[in-house]
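For reference, the structure I am asking about is given below.
Remember, predicted model here, so these are calculated numbers, not experimental data.
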Amino acid sequence: MNMRTYKIIHIKKEYQSFVIGREKMLHELLFDESHFVTEEPEELKFVCESLNTKNMKECIQERLQRVFTNMTLNQDHIFFEHPVKGSIEMSFSPYYLHVSCEGSQMLDLDLFAGLSDTCDCYLAFQQEQNAFGWLKPIKIDSMHSFSEILDFV
């Protein structure tokens with residue numbers, strides 16, 4: 001089976017327009033393995049909202065339990081299993097959600113749909129492909145035109 005791992009962060013609203021177009025640089029800055037020797041980097045704490053783990057677990061559980069036949073929930077992990085699609089394992093840190101999906105890519109879509117219903121600020125990084133994506137399209141407020149954002153790049 002094909003394993004995919006993700007790190008999902010909640011970008012603070014005030015930094016979304018700055019992050020657009022810089023996602024790859026942000027990934028390199030935040031998830032360079034040398035940063036995680038003892039603790040999470042300060043940049044992660046600055047750009048990202050801390051995760052409300054209790055609220056996230058409740059939302060994820062509510063949205064995904066009807067899709068998955070087996071669910072295990074403990075202090076810092078959630079495990080979902082589907083007899084055809086495969087399994088999802090999630091662990092929580094204060095500033096990011098670590099997800100491992102094994103099986104069909106439909107698992108990823110189920111997860112992303114469930115998370116995007118809770119907030120529009122999630123940014124996911126797929127580790128194996130060095131790929132990234134916002135779980136919901138970003139709505140740029142009227143204070144920032146698209147050309148102003150491109151000037152930052």
Side-chain angles (χ1 to χ4, degrees), residues 1-64 67-68 71 73-82 85-141 144 146 149-150 152-153:
M1 289 197 144
N2 189 14
M3 171 83 80
R4 296 162 311 283
T5 59
Y6 298 92
K7 285 196 169 58
I8 300 173
I9 57 177
H10 180 185
I11 300 291
K12 291 179 180 175
K13 280 228 184 253
E14 63 263 28
Y15 297 118
Q16 284 183 0
S17 61
F18 182 77
V19 170
I20 293 174
R22 295 185 176 94
E23 293 90 346
K24 185 174 180 174
M25 289 187 304
L26 183 65
H27 179 262
E28 291 168 358
L29 176 69
L30 298 181
F31 297 112
D32 177 9
E33 292 303 317
S34 65
H35 279 126
F36 288 100
V37 173
T38 57
E39 62 182 49
E40 295 166 331
E42 288 299 315
E43 296 88 353
L44 186 68
K45 298 172 185 175
F46 184 77
V47 174
C48 301
E49 293 285 349
S50 64
L51 299 180
N52 181 336
T53 306
K54 182 178 186 251
N55 186 41
M56 277 187 86
K57 283 181 184 177
E58 289 172 2
C59 290
I60 291 168
Q61 180 180 359
E62 177 185 316
R63 285 169 175 76
L64 296 183
V67 177
F68 292 87
M71 182 189 75
L73 176 68
N74 67 30
Q75 184 73 15
D76 56 354
H77 281 76
I78 299 178
F79 181 79
F80 290 98
E81 191 170 34
H82 189 277
K85 294 179 184 180
S87 63
I88 298 175
E89 184 174 354
M90 293 178 252
S91 61
F92 297 84
S93 90
Y95 288 92
Y96 68 91
L97 174 63
H98 181 81
V99 179
S100 297
C101 297
E102 189 168 0
S104 166
Q105 290 186 337
M106 292 301 293
L107 294 166
D108 309 41
L109 296 176
D110 291 338
L111 172 68
F112 295 156
L115 280 174
S116 67
D117 285 346
T118 65
C119 177
D120 64 353
C121 304
Y122 289 117
L123 179 58
F125 298 101
Q126 185 188 26
Q127 303 303 106
E128 295 78 17
Q129 298 296 321
N130 201 19
F132 57 85
W134 294 89
L135 300 190
K136 261 190 180 177
I138 298 300
K139 295 177 183 155
I140 301 170
D141 65 9
H144 299 290
F146 191 66
I149 291 170
L150 290 179
F152 286 134
V153 178

request  = Please check if atom NZ in K12 has more than 12 non-hydrogen atoms from other residues, nucleotides or ligands closer than 6.0 Å.
outcome  =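 Enclosed: over 12 neighbouring heavy atoms sit under 6.0 Å from NZ of K12.
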request  = Could you tell me which non-hydrogen atom of S93 sits nearest to which non-hydrogen atom of L51, and how far apart they are?
outcome  =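 Here S93 and L51 meet closest at O-CD1, 3.7 Å.
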request  = May I have the step-by-step check of side chain to side chain contact (heavy atoms under 4.5 Å, CB included) for D110 and F80, ending in yes or no?
outcome  = CA-CA 11 Å; D110 291 338; F80 290 98; over 6 Å; no
query = Judged by atom type as modelled, is there a donor-acceptor pair below 3.5 Å linking the side chain of E23 to the main-chain atoms of G21?
reply =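 Judged by distance alone, yes, a pair lies under 3.5 Å.
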key: Distance-minimising heavy-atom pair for R63 and G114   =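 Of all heavy-atom pairs spanning R63 and G114, the closest is CD-O, 3.1 Å.
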ask   = So L26 and L123, side chain to side chain contact (heavy atoms under 4.5 Å, CB included) or not? Walk me through it.
value = CA-CA 10 Å; L26 183 65; L123 179 58; 4.1 Å; yes
query = Atom CD of E102 and atom CG of N2: how far apart are they, to the nearest 0.5 Å?
reply =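 Spacing of CD (E102) from CG (N2) equals 8.5 Å.
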ask   = Taking atom CG of L30 and atom CD1 of I9, what is their separation to the nearest 0.5 Å?
value =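 Spacing of CG (L30) from CD1 (I9) equals 5.5 Å.
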ask   = Taking all atoms of both residues into account, what is the closest heavy-atom pair of S87 and F79, and its distance?
value =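 Scanning both residues, the minimum pair turns out to be CB-CZ, 3.7 Å.
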query = Does N74 offer a backbone N or O that forms a donor-acceptor pair with the side chain of K57 under 3.5 Å?
reply =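 Between the backbone of N74 and the side chain of K57 there is a qualifying donor-acceptor contact (under 3.5 Å).
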task = Quick one: pull up CG in L135 and CG in L111 and give me the separation to the nearest 0.5 Å.
result =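 Here the interatomic distance stands at 7.5 Å.
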query = Rounded to the nearest 0.5 Å, what separation is found between the CD atom of E128 and the OG1 atom of T5?
reply =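 These two atoms lie 3.5 Å from each other.
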H27-F125 aromatic ring centre distance below 6.0 Å =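 Judged by ring-centre distance (under 6.0 Å), H27 and F125 do meet the cut-off.
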inquiry  = For the CE atom of M90 and the CD1 atom of I8, what is their distance to the nearest 0.5 Å?
reply    =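 The CE atom of M90 sits 8.5 Å away from the CD1 atom of I8.
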inquiry  = On a heavy-atom basis, which atom in R4 and which in S104 lie closest, and how many Å separate them?
reply    =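 Scanning both residues completely, I find the closest heavy atoms to be NH2-O, 3.0 Å.
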query = Less than 6.0 Å separating the ring centroids of Y6 and F112?
reply =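 That pair passes the under 6.0 Å test.
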task = For the residue pair F68 and H82, categorise the inter-ring angle as parallel (less than 30°), tilted (30 to 60°) or perpendicular (more than 60°).
result =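 Plane angle over 60°, so perpendicular.
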Side chain to side chain contact (heavy atoms under 4.5 Å, CB included) between L29 and V47, intermediate numbers included = CA-CA 11 Å; L29 176 69; V47 174; over 6 Å; no
key: Gap separating the CH2 atom of W134 from the CD1 atom of I20, nearest 0.5 angstrom   =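 So the gap between those two atoms works out to 6.0 Å.
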task = Walk me through it: do S91 and H77 pass the test side chain to side chain contact (heavy atoms under 4.5 Å, CB included)?
result = CA-CA 5 Å; S91 61; H77 281 76; 3.6 Å; yes
Heavy-atom pair of closest approach, residues I88 and C101 =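 Taking I88 first and C101 second, the nearest heavy atoms are CG1-SG, 4.0 Å.
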task = Would you name the heavy atoms of Y122 and M56 that are closest together and state the gap between them?
result =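 What the structure gives for the nearest pair is OH-CE, 3.7 Å.
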Within 6.0 Å of CD in Q129, more than 12 heavy atoms from elsewhere =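 Atom CD in Q129 is not crowded, with 12 or fewer foreign heavy atoms closer than 6.0 Å.
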task = Taking the six-membered ring of F18 (Phe, Tyr or Trp), confirm whether the NZ or CZ of R22 is under 6.0 Å from its centre and within 45° of its axis.
result =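 Yes; both conditions hold, so R22 lies above the ring face of F18.
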